[in-house]
Amino acid sequence: MAFVRDKIIESLSLAIASIGESANHPNQVPFSMELSAPRAAQHGDYATNVAMTLTRVLKRNPRQIAEQIVARFEDPHGIIEKMEIAGPGFINFFVKPRAWVGILHEILSDPLHYGRQNLGLGRRVQVEFVSANPTGPLHIGHGRGAATGDVLASLLSACGYRVDREYYINDAGNQMNTLGASLYYRYQELFDESMEFPQGHYQGEYMKDLAREFFEEFGERYRKVPLEEVLPAFSRYTGERILKGIQEDLNDFGIRFDNWFSEQGLHDAGVIEKTLEELREKGYIYEHEGATWFRSTDFGDEKDRVVIRANGISTYFAADLAYHKNKFFRNYDLLVDIWGADHHGYVDRMLAGIQAMGRKREDLQIVLVQLVNLLRGGKPVAMSTRAGEFVTLREVVNEVGKDAARYIFLTRRSDSPLDFDLDLAKTQSNDNPVFYVQYAHARLCRVFEVGQERGFSFQWSPRQMEECMQRLTLPQERMLLKMLGEYPATLASSARSLEPHQIPYYLHELVSSFHSYYNQNRILGDDTQLSKARLCLAAAVKQVIANALGLLGVDAPHRM
RNA sequence: GCGCCCGUAGCUCAGCUGGAUAGAGCAACGGACUUCUAAUCCGUAGGCCCGGGGUUCGAAUCCCUGCGGGCGCGCCA
């Protein structure tokens with residue numbers, strides 16, 4: 001993969017292993033291999049602190065260990081100019097300038113594949129996200145969760161996991177009846193404006209729209225028909241219509257799910273009872289004060305949780321237990337749940353649940369996504385779900401576009417609240433991070449257009465390599481090559497920590513270096529051979545930008 | 001009251017499984033378009049990493065504590 005970086009890690013591992021053997025550590029010395037790219041040039045192109053992390057195991061001082069590592073370090077590919085031991089025990093690697101060019105071959109010989117890797121070893125992962133109740137349109141907060149889940153899924157897929165995207169539909173329980181009744185009342189209101197809309201129902205504007213559509217379809221057929229007679233039909237109708245709207249919203253946001261999983265299906269199939277029965281056999285279920293409880297405290301939850309209420313109706317949590325059991329039954333090795341941060345109180349009980357089923361805690365990773373504060377021109381936009389006045393995902397996407405919305409959602413760690421300024425997101429200026437990156441791509445595309453007009457035929461061949469080694473000598477060029485080489489490691493790190501925001505940060509850095517290079521140097525000049533070599537570099541930069549934007553679900557435009 | 005998350009430049013945030021001189025964008029100030037797209041670039045300025053203890057060769061990062069902010073604490077979904 002990343003040419004230079006991987007070679008160094010490989011050689012380091014071998015060197016350390018051989019020290020381990022001679023020091024009577026027959027198995028590999030446990031260590032965390034970190035290879036950083038220091039900012040300061042005097043610290044080399046790469047640096048590692050392994051010698052210091054090994055002090056405890058080897059019981060020697062770090063500089064001694066570093067010397068041993070350096071002594072045993074082999075460089076079969078001849079990529080290292082020199083190694084230095086510095087400070088308390090860092091080993092700094094200075095890479096031969098020409099070694100960087102290898103990265104061009106990595107990228108250009110198989111462009112679409114560059115960055116993809118087999119970290120996941122083909123293990124199956126399910127990413128469950130959005131899963132908003134089908135009681136109203138998606139709002140902007142759901143949009144953040146949607147972008148996060150979608151990109152995590154793409155990322156894991158690029159890293160060698162087999163990934164499915166799933167949406168859990170909470171279509172069971174009383175809320176569907178409330179939903180149906182809400183439509184019913186809005187519908188009756190069309191005939192009798194004095195009718196009072198009862199409390200505790202969904203009073204959003206979308207419900208009035210739906211009532212009007214319903215009227216257009218069915219006319220006065222259900223006017224003054226008692227609620228009890230038509231409630232199931234109204235509920236079904238409303239649920240289906242709203243779900244369809246959600247699906248359209250997500251579709252236009254660039255998101256496709258592999259599976260839509262119905263909670264009601266769990267009830268119908270009796271899996272909830274079955275799940276509880278299995279847990280009971282293992283001793284995790286007991287009766288208390290008329291209710292049925294799950295002993296989640298056995299696994300670190302702060303208190304036990306009710307699964308069947310005294311009135312005989314099972315709780316949402318019971319369904320969620322059955323749901324996660326079902327997920328594992330479908331043979332996923334790893335589950336990733338994307339939840340709103342307001343659900344963090346449920347994390348412990350869910351983890352307890354899967355452990356009671358015999359799974360490891362790590363088999364379920366829960367990513368919490370914090371709130372989105374919507375601003376317009378720096379001022380907060382009032383949002384209140386209860387009053388039904390919220391800004392929908394659709395409105396935001398219509399206003400600022402899919403690309404800007406997705407990019408902004410992803411430029412922050414998910415557990416940090418996000419300010420989303422509508423005015424900022426749609427200004428076509430340098431305030432807007434997504435344009436900065438897209439602009440670089442469009443610029444590069446233009447270079448190739450002009451190059452073609454001037455008769456530079458660009459095609460990558462290994463023969464070009466030698467040419468590039470001789471011509472791409474500027475520090476900025478080497479820097480760009482190095483950064484291109486860091487792309488796979490960025491994806492790996494991002495996937496391991498389930499932090500998609502690392503990708504936009506990487507992109508920004510890469511693009512910034514490119515813009516700077518572009519402003520100071522001509523890619524297409526009088527020197528034909530130099531121009532060709534620079535075109536190779538440009539092609540690689542363009543490719544990595546396109547690949548990264550592709551993962552983010554953001555377009556890489558050819559013109560702006 | 002208890003639990004979780006957060007506190008880093010004027011603003012918005014990276015960096016947090018301990019590593020070398022703490023970074024970026026915006027805002028401010030000064031510069032660069034006859035050239036492949038100025039939606040760009042170059043430069044300047046900006047810091048008690050909330051306070052206080054501790055752990056060690058080394059702390060923005062880990063532990064304790066105080067302060068400040070957000071969220072959650074149902075036999076709701």
Side-chain angles (χ1 to χ4, degrees), chain A residues 32 34 36 38-40 42-43 47-49 52-53 55 61-63 86-90 92 133 135 170 172-176 178 263 288-293 301-303 305-320 340-348 368 370-371 373 375 378 411-413 415-419 421 424 427-440 442-451 453-454 456 496-497 499 501-502 504-506 508-509 511-512 514-525 531 534-535 538 559-560:
Chain A
S32 61
E34 244 175 70
S36 63
R39 196 168 293 273
Q42 80 229 35
H43 296 141
T48 182
N49 63 347
M52 290 177 285
T53 64
T55 48
N61 83 51
R63 290 196 66 114
F90 292 101
N92 297 331
N133 291 353
T135 55
N170 299 130
N174 205 37
Q175 66 172 352
M176 297 315 287
T178 310
E263 180 191 350
H288 177 64
E289 291 181 353
T292 304
W293 298 71
D301 195 9
E302 62 178 357
K303 58 186 198 183
R305 307 293 173 176
V306 171
V307 284
I308 299 177
R309 293 181 260 163
N311 65 10
I313 297 173
S314 61
T315 61
Y316 176 87
F317 175 55
D320 233 355
D342 53 343
H343 287 70
H344 73 250
Y346 285 74
V347 171
D348 283 346
L368 298 176
Q370 270 287 1
L371 291 180
N373 299 311
L375 310 176
T411 41
R412 216 123 283 165
R413 322 168 41 101
D415 59 2
S416 164
L418 168 69
D419 288 335
D421 194 310
L424 195 76
T427 48
Q428 309 220 331
S429 77
N430 49 359
D431 296 359
N432 196 333
V434 65
F435 289 115
Y436 185 76
V437 177
Q438 289 183 316
Y439 182 58
R443 254 184 164 178
L444 279 158
C445 289
R446 183 63 189 151
V447 171
F448 280 91
E449 277 180 24
V450 173
E453 285 163 18
R454 295 190 192 167
F456 290 101
R496 255 192 283 264
S497 53
E499 289 179 348
H501 75 275
Q502 292 185 22
Y505 276 89
Y506 168 82
H508 190 273
E509 210 179 328
V511 161
S512 162
F514 164 71
H515 278 311
S516 174
Y517 173 68
Y518 178 94
N519 270 275
Q520 286 167 48
N521 304 96
R522 305 226 95 227
I523 293 168
L524 303 169
S531 300
R534 287 183 171 174
L535 275 174
R559 268 173 203 281
M560 287 177 77

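Every chain is numbered from 1, with letters handed out A, B, ... down the list of sequences.
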Exercise for the section: State whether the distance check finds a donor on one side and an acceptor on the other, under 3.5 Å, for side chain His508(A) versus base G25(B). Expected result: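 No pair found.
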Is the phosphate of [N], meaning OP1 or OP2, less than 4.0 Å from a side-chain N or O of [X]?
| X | N | answer |
| --- | --- | --- |
| His501(A) | G15(B) | yes |
| Arg305(A) | G74(B) | no |
| Ser516(A) | C42(B) | yes |
| Arg39(A) | A20(B) | no |
| Tyr517(A) | C42(B) | no |
| Arg522(A) | U35(B) | no |
| Ser416(A) | A14(B) | yes |
| Arg413(A) | C5(B) | no |

Could you tell me the separation between the [atom1] atom of [X] and the [atom2] atom of [N], rounded to a whole number of Å?
| X | N | atom1 | atom2 | value |
| --- | --- | --- | --- | --- |
| Arg443(A) | A39(B) | CZ | P | 8 Å |
| Asn92(A) | A20(B) | CG | C1' | 9 Å |
| Arg412(A) | U12(B) | CZ | P | 10 Å |

Handout entry: Of Ile523(A) and Thr411(A), the one whose closest RNA chain B nucleotide lies more 5'
Key =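 This one resolves to Thr411(A).
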Handout entry: Near-parallel close stack of Phe90(A) and G19(B) base (under 5.5 Å, under 30°)
Key =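 Answer is no, no stack.
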Practice task
Give His43(A) one of three labels, base, sugar-phosphate or nothing, depending on what nucleic acid heavy atoms sit under 4.0 Å from its own.
Solution key: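 Since a base atom lies under 4.0 Å of His43(A), the category is base.
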